[in-house]
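Scroll down for the structure; my scribbles are underneath it.
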Amino acid sequence: KKEELDPSNMLLLEATAGGGIVARPLLTRLEMSNSRSAVLLPLALPGERRNDQFFEPTPTTIATEVFVRKQLEEFRDKWVEISKEKNYRRAHSTLGLAGALAYGFGLHTHNPGPTSPS
């Protein structure tokens, strides 16, 4: 269990311009950060006590943990595959460029959707 929680074994699912949706090691992503942010949300099961070294999880908690882990892995694999099928990396770059141009020309005030100024 301790090895599973080691940051070197954790993956981060991320949408990128160059590679589409990718799953990469968390530490690699944080080391290559260029003024970007990553929000990490820890998942906790009902009744789980993470900071109690004497806590013995119930069979229900263990089964739930296995189920959640499997669902997260399937979610990751599904979105990485969809990214490849739909050529997300190309669309991401195009949308980013269109958004930057719209912001540059001041059109962002006429669009109800969010526009990134970067």
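All figures in this text were calculated on a predicted structure; none of them were measured in a lab. The residues of the chain are indexed from 1 along the displayed sequence.
Counting non-hydrogen atoms of neighbouring residues, nucleotides and ligands closer than 6.0 angstrom, the CD atom of E56 reaches no more than 12 such neighbours.
Across all their heavy atoms, V80 and A23 have their closest contact at CG2-N, 4.2 Å.
Distance check, rounded to the nearest 0.5 Å: CG of D77 to CG of L72 gives 11.0 Å. Atom CH2 of W79 sits about 15.0 Å away from atom NZ of K84, to the nearest 0.5 Å.
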Using side-chain contact (heavy atoms from CB on, under 4.5 Å), reason through K78 and E81 one step at a time and then give a plain yes or no. CA-CA 5 Å; K78 174 185 171 187; E81 185 60 34; 5.9 Å; no
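Looking at T61, its side chain never comes within 3.5 Å of a backbone N or O of P57 through a donor-acceptor pair.
The hydrophobic cluster containing F67 does not contain I62, counting ILVMFWY residues as joined when their side-chain heavy atoms lie under 4.5 angstrom apart, directly or transitively.
Ion pair E65/R69 flagged as a salt bridge, since at least one NZ, NE, NH1 or NH2 atom sits closer than 4.0 Å to an Asp/Glu carboxylate oxygen. With respect to E74 and K70, a salt bridge is recorded, a charged nitrogen being found less than 4.0 Å from a carboxylate O.
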